[in-house]
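Following: one structure in structure tokens, then a few remarks.
Lettering of chains follows the sequences in order, A, B, ..., and the numbering in each one begins at 1.
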Amino acid sequence: MNAFQHTPDSLASRLDAILPAGRRTIGQADDPLVQAAVRIAAAPRPRLSPEASARIMAKVTAAQSVAPSPMPRFLRLPRIPRPILIAAALLLLAAATAAGAAVVIQQITMENRTPTPPPTVTPSNTEPVVPLLVAPAETDTPSPTDTPSPPAPLLQGEGSLAAAAETDTATSTETRTPTVTATDTPTRTNSPQPTAIRSATNTPTHTLTRTNTASPSPTVTMTRTLSLAATLTAVDADSCSTVPSPTVTIILEGPVEAIGESGIVIYGQTIMLDATSPILLTMQVGDFARVEGDAVLCANVVTIIAINVFVESADVIYGDDNTVLWTDNGNCDNPPPPWAPAHGWRRRCEGGAPPGNSGHSRNNDHADEAGDD
Amino acid sequence: MLNTPDLVIPLNLLECCFKSLFIMRAVLPPDDLEATVEQAQHGNAEAVGALYQRYADAIYRYIYYRVDNAGDAEDLTAEVFIRMMEGLPNYRFTGAPFEAWLFRIASARVIDYRRRQGRRPQAKLSELLSDDGTLPEDSVLHGQEIEALRRAFQQFSGEEQTVLILRFVERKSHREVADILGKSETAVKSIQHRALAQLASLFGLEAKQRHYLRGESS
């Protein structure tokens, strides 16, 4: 019989008979495959010498002494199926992500709370800087869908305020400094909570010889709405209180973003004007205006009632009685008052910035534009 | 002090080990395997020694036939029992014999050893293993026969080596070998058939058989 005459099963049966498991007996081998198995079984069995066994045992004992003691059974964690572990890990990851987002939101809130003076509120003449600071209301909760967009309707010019008001959909409340209004979205409402007021004494005159005593850290808490038309129509100056009593003087410079029947908007801040003021007829959207006025709290909205308005590009200077104090007639023989900006005239006729100007490049740029016009 | 190339063992530690081994044989009944394993799981040194004493030779033989020399077999045997110690806390009786776990550890150690060696001996076994007509019992020395078998085993795959060693050196049943390998008995029988046919060819037994069947004298 040769190897090919055995099947695995027949060979296994034959081997079980010749070399029974668990015993050392060896039967008579009668074919090459069984003889090969018998040769293995009959070979002397190598054994560990006592010395080698002791060396190995010493290694094992040494390893046992340095190995950590086994954890008691009752402390062992049960075996958890892998899908459950993965699901738990994903849940933890999601929770951690949500916590991180909350932290970011909190940071943003805190940043909003940090009062920063608007860059457009600049000192005029020799006045100290009167920054307009806006503290956020406590209910400032940005909506997740709050995506800032430029207030395009407001910037389009006259007659657009009412349309802007119609699109005002209250989704969140927010208060910001006026410097961010140009990029703000009109889909916001406000929860104004004015809490701190900068006190300053101001004697607003067209000569700007005022003596402001601004405190080093003025804070004007104000909330605003971007629905400017609604604000303008809701404000009744007679029924509103000036904040604080008697006055809070705010000086605001910047491009005119919108012009309504009774006011203008600069950096999103509503400035109420006399509806009969001739400046409303000459002012254009985009003109660089300087407004000096009083803050008024009315219907939970702070607006500014203008006292003096200077529109640089128009090169027309009005007094507080709406009289025209000076007009650029296009010639250099009609110099403006020293305190008037009159950038165009000064650039054209003097080749420099107006006296008392802060030298802000933006102002100069606007002056250049006005002069070019 | 007894110095070995990689270990310095205090003699008193050796003495302690020997003493503990004798004590363990007296204290722990040899067939109370599950209780011994459980004690070893709780760090009982005597139980660990009992397990070592019970399986050391079998593991050593299994390794010896699969490596190049006795020194490597000794080192790997120590590694197996150290791994056993490390794995004991997590060991659970699942119905498979405890020794199956040890043999699997040993097999993994041998595979790792082969990987480290990066080679397998490719010697011409026909010169070493050709049957000269004498029975094994008549071989010159036992050591030579063991060496011849070891060299022969190294021509086989790991599974074939395991089947040949466990079936015919350790005299395990097909079922036990199947448990150790994690295979079916049928698979073990197939491996056994294939390995014995190759081994018979290496030993020259088939040629001798054909010689015998043709009525020729050797």
Side-chain angles (χ1 to χ4, degrees), chain A residues 1-4 6-13 15-16 18-26 29-73 76 79, chain B residues 2 4 7 9 13-14 16-18 21 41-43 45 48-49 52 56-57 60-61 64-65 70 73-74 77-78 81-82 84-86 88-89 136-137 142-143 145-146 149 164-165 167-169 171-174 176 185-186 189-190 192-194 196-197 199-201 203 205-206 208-210:
Chain A
M1 180 180 290
N2 59 37
F4 302 102
H6 269 306
T7 64
D9 284 333
S10 66
L11 177 62
S13 299
L15 289 170
D16 284 342
I18 302 295
L19 301 168
R23 282 185 269 174
R24 305 306 305 170
T25 60
I26 298 175
D30 53 0
D31 64 73
L33 301 190
V34 177
Q35 285 179 358
V38 165
R39 181 170 176 178
I40 298 171
R45 290 152 56 95
R47 294 179 64 92
L48 279 168
S49 66
E51 294 79 12
S53 182
R55 283 195 297 269
I56 294 173
M57 188 61 202
K59 289 182 181 178
V60 173
T61 304
Q64 186 182 15
S65 63
V66 300
S69 59
M71 188 182 297
R73 278 184 188 277
R76 288 179 194 150
R79 289 179 181 271
Chain B
L2 176 63
T4 60
L7 187 67
I9 305 171
L13 180 59
L14 285 177
C16 167
C17 292
F18 277 121
L21 291 180
Q41 285 179 316
H42 288 82
V48 173
Y52 171 80
D57 279 339
Y60 173 76
R61 278 193 293 271
Y64 175 86
Y65 279 120
E74 183 181 322
T77 302
F81 284 96
I82 290 172
M84 179 197 76
M85 292 264 315
E86 295 170 351
L88 264 178
E137 293 83 356
H142 285 178
E145 178 64 9
I146 293 172
L149 283 176
L164 291 177
I165 295 169
R167 280 284 293 133
F168 308 118
V169 176
R171 304 293 288 266
K172 302 290 185 188
S173 67
H174 293 102
E176 290 171 319
E185 283 190 61
T186 304
K189 290 173 182 175
S190 296
Q192 172 182 258
H193 182 264
R194 185 173 62 246
L196 283 178
L199 188 63
S201 177
F203 285 163
L205 293 173
E206 284 188 319
K208 182 180 178 182
Q209 182 70 10
R210 286 194 296 272

* Nearest heavy-atom pair of B:T77 and A:L48: which atoms, and what distance? -> CG2-CD1, 4.5 Å
* Asked: So, A:R47 side chain and B:D57 main chain: donor-acceptor pair closer than 3.5 Å or not?
  -> no
* Structure fact -> CG of B:L196 to CD1 of A:I40, rounded to nearest 0.5 Å, is 6.0 Å
* To do: Output the option from A:A12, A:P8, A:A21 having the highest count of non-hydrogen pairs under 4.5 Å with chain B.
  => A:P8
* Asked: Under a 4.5 Å heavy-atom cut-off, does chain A meet the side chain of B:Y60, its backbone, both or neither?
  -> side chain
* **Separation of A:M57 CE from B:F81 CZ (nearest 0.5 Å)** => 9.5 Å
* To do: Carefully, step by step, assess B:H174 and A:D16 under the rule side chain to side chain contact (heavy atoms under 4.5 Å, CB included).
  => CA-CA 9 Å; B:H174 293 102; A:D16 284 342; 3.3 Å; yes
* To do: Compare all side-chain heavy atoms of B:H193 with those of A:T7 and state whether any distance is below 4.5 angstrom.
  => no
* To do: Determine the minimum heavy-atom distance between A:P32 and B:A200, stating which atoms define it.
  => O-CB, 3.8 Å
* **Options B:K172, B:R167, B:E185, B:R194, ranked by heavy-atom pairs under 4.5 Å with chain A, top entry** => B:R167
* Would you say the side chain of B:K189 lies within less than 4.5 Å of the side chain of A:L11, judging by non-hydrogen atoms? -> no
* Structure fact -> To the nearest 0.5 Å, atom CZ of A:R39 lies from atom CG of B:L199 at 8.0 Å
* **Minimum heavy-atom distance B:Y52-A:S53, with the two atoms named** => OH-O, 2.8 Å
* Exercise: identify the closest heavy-atom pair between A:P46 and B:R61 -> O-CG, 2.8 Å
* Asked: Do you know the tightest heavy-atom contact between B:E74 and A:A52?
  -> OE1-CB, 3.4 Å
* Asked: Judged by atom type as modelled, is there a donor-acceptor pair below 3.5 Å linking the side chain of B:R171 to the main-chain atoms of A:P20?
  -> yes
* Asked: Once you round to the nearest 0.5 Å, how far does CG of A:L33 lie from OG of B:S201?
  -> 10.5 Å
* **Option in B:A73, B:A78, B:S173 with maximal non-hydrogen atom pairs under 4.5 Å from chain A** => B:A78
